There are 2 protein chains.
Amino acid sequence: MTESVTIRGDLELVARTEHLFSSVREEFVCAARDLHTWNHLGARHAAQERMRNSGARRVRKLYGPAAPADQRTREHMYELAGRGARVRIAATALPHETIVIDRRFAILAGVDAPGGREYTVTTAPAVVGGVYALFEAVWEHATDLGVFLSDEPPLLDTESRTVLRALGSGATDETAARELGMSLRTYRRRVAELLHTLGADSRFQAGVRAGELGLHG
Amino acid sequence: MTESVTIRGDLELVARTEHLFSSVREEFVCAARDLHTWNHLGARHAAQERMRNSGARRVRKLYGPAAPADQRTREHMYELAGRGARVRIAATALPHETIVIDRRFAILAGVDAPGGREYTVTTAPAVVGGVYALFEAVWEHATDLGVFLSDEPPLLDTESRTVLRALGSGATDETAARELGMSLRTYRRRVAELLHTLGADSRFQAGVRAGELGLHG
DNA sequence: GAGCCCGTGGCAGCTTGCTGCCAGCGGACA
DNA sequence: TGTCCGCTGGCAGCAAGCTGCCACGGGCTC
């Protein structure tokens with residue numbers, strides 16, 4: 001019996017995992033970077049359809065900090081939430097799509113590559129369990145969608161809070177900019193604006209102010 | 001080429017992963033429940049020995065919330081920290097041991113079982129990357145060992161708090177150093193130490209942490 | 001006194017952060 | 001269509017921050 005399979009390309013993935021999505025019984029958890037992954041070919045919609053038909057009782061979806069900045073992704077999150085899924089935003093980027101179904105198998109996505117993205121599907125209990133436990137730990141500290149979006153809106157818009165999060169994560173500007181999908185220049189521009197709004201003269205000071213205002217994203 | 005191998009029992013694990021531990025080049029990250037795992041047969045000591053000899057530059061070890069309660073584990077954590085490893089305590093339990101070496105391969109432990117614990121060793125990039133990203137996210141929100149243990153009492157000495165004040169005032173290093181009557185070099189040294197104690201990766205983050213801890217000087 | 005330890009501070013080289021300037025792009029408007 | 005406007009992102013140059021290295025000096029033991 002093979003415990004682990006590696007798949008290259010989205011087409012192949014859809015073909016090979018179709019039955020997995022419709023087999024969801026109890027729980028479906030998913031960590032996603034953004035919407036773009038496997039949005040190609042309506043794969044996502046097909047998956048959704050199957051999810052809806054299946055008896056998945058608990059659906060949890062975790063996004064990276066960049067996700068709420070994107071309009072389409074935000075809409076998608078609302079839609080999910082409306083269907084009873086629990087949606088949260090993590091402070092740290094999640095560049096690798098990760099799905100765990102019923103704690104029985106896991107689907108992990110690699111990075112984009114010329115020959116098509118690489119996916120690994122596994123049923124190895126140690127891997128599934130380990131990934132699940134880590135997911136749980138991240139989930140625990142992630143912010144609920146509702147809280148994230150409605151929290152302290154007056155002062156800062158969504159994007160600013162996203163930047164704030166990135167800053168709080170301790171990433172360098174370069175990393176943060178990449179994670180948020182903007183150029184280094186723009187990211188720094190955002191940071192500068194933020195410092196100005198907070199009336200801070202240094203990043204450290206901005207950190208303190210942000211903390212005082214309870215703005216952790 | 002096999003990307004993934006499942007191993008049953010600690011003896012087998014030690015035999016099969018020996019070469020992996022000694023091959024660490026850049027980074028070694030590990031999420032552990034407690035000390036007891038593979039403590040049997042001195043496996044851990046052997047691994048440590050190899051780690052020490054290898055050129056691992058960055059070692060990070062993440063424990064579950066239960067770990068610091070145990071005397072022996074605590075001692076072990078100190079020892080690790082003393083050797084330059086970064087140790088943090090997560091808020092959520094991590095029942096599955098997880099190791100990622102150089103972002104090249106991952107070792108994941110399953111649950112205890114009569115026939116011996118089951119381990120999976122994999123080099124599949126998607127799995128390694130996904131696990132690493134999750135680890136990173138958990139790490140981000142975990143508490144530094146030093147902070148965790150010394151929490152309330154005089155966390156920072158007078159000088160550190162003075163530095164903190166200077167930082168919070170928004171002054172540049174040069175100004176701050178002059179005001180505090182110390183050289184620029186020393187001031188920066190103090191700042192670096194401070195960041196380390198706070199477990200912060202950037203000044204901004206340190207600001208947030210400082211605020212959280214109510215340390216405004 | 002000699003030798004040792006430890007904290008300091010200068011220096012140098014590098015990384016990171018900051019910002020003005022300008023080109024490009026897309027939407028709004030006449 | 002052309003023009004204007006606002007936002008973006010590349011570039012370049014500078015400022016600030018970071019850290020390894022080493023030399024100096026004070027306090028310590030032997």
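No experiment lies behind these values; they were computed from the predicted model shown. Numbers restart at 1 for each chain; the letters A, B, ... are given by sequence-line order, proteins then strands.
OP1 or OP2 of D:dT8 has not a single side-chain nitrogen or oxygen of A:Thr186 nearer than 4.0 Å.
The distance from atom CZ of A:Arg190 to atom CG of A:Leu180, rounded to the nearest 0.5 Å, is 10.5 Å.
Separating the CD atom of B:Glu174 from the C1' atom of C:dG10 is a distance of 14 Å, rounded to the nearest angstrom. The separation between A:Gln205 atom CD and C:dC18 atom C1' is 17 Å, rounded to whole Å. Note: CZ (A:Arg203) to P (C:dT15) measures 18 Å, nearest angstrom. In this entry the distance linking CZ of B:Arg188 with P of C:dG13 reads 16 Å, nearest Å. Taking atom CG of B:Leu184 as the reference point, atom P of C:dA12 lies 14 Å away to the nearest angstrom. Counting to the nearest Å, the C1' atom of C:dT19 and the NE2 atom of A:His196 are 14 Å from each other. B:Leu180 places its CG atom 11 Å from the P atom of C:dG9, with the value rounded to the nearest Å. Atom CZ of B:Phe204 is separated from atom C1' of D:dC18 by 20 Å (rounded to the nearest Å).
Set against D:dT8, D:dG9, D:dT19, the side chain of A:Arg190 has D:dT8 as its closest nucleotide. Side-chain atoms of B:Met182 lie closest to C:dG9 of the nucleotides D:dG9, C:dG9, D:dC18. Distance from the side chain of A:Arg185 is smallest to C:dT19 among D:dG17, C:dG9, C:dT19.
In terms of polar N and O atoms assigned as donor or acceptor, the side chain of A:Arg189 comes within less than 3.5 Å of the base of D:dG9 in a complementary pairing.
Nearest-nucleotide positions on DNA chain C place B:Ser183 closer to the 5' end than the other of A:Leu195 and B:Ser183.
In this structure, B:Arg103 is positioned above the aromatic face of B:Tyr132, its NZ or CZ under 6.0 Å from the six-membered ring centre and within 45° of the axis.
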### Task
Walk me through it: do A:Arg165 and A:Thr143 pass the test side-chain hydrogen bond (donor to acceptor under 3.5 Å, both in side chains)?
CA-CA 11 Å; A:Arg165 266 192 169 233; A:Thr143 316; 2.5 Å; yes
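No side-chain donor-acceptor contact under 3.5 Å links A:Arg8 to the backbone of A:Arg117.
When each of B:Thr17, B:Val5, B:Thr98, B:Thr122 is checked for a side chain to side chain contact (heavy atoms under 4.5 Å, CB included) with B:Ile107, only B:Thr17 meets the rule.
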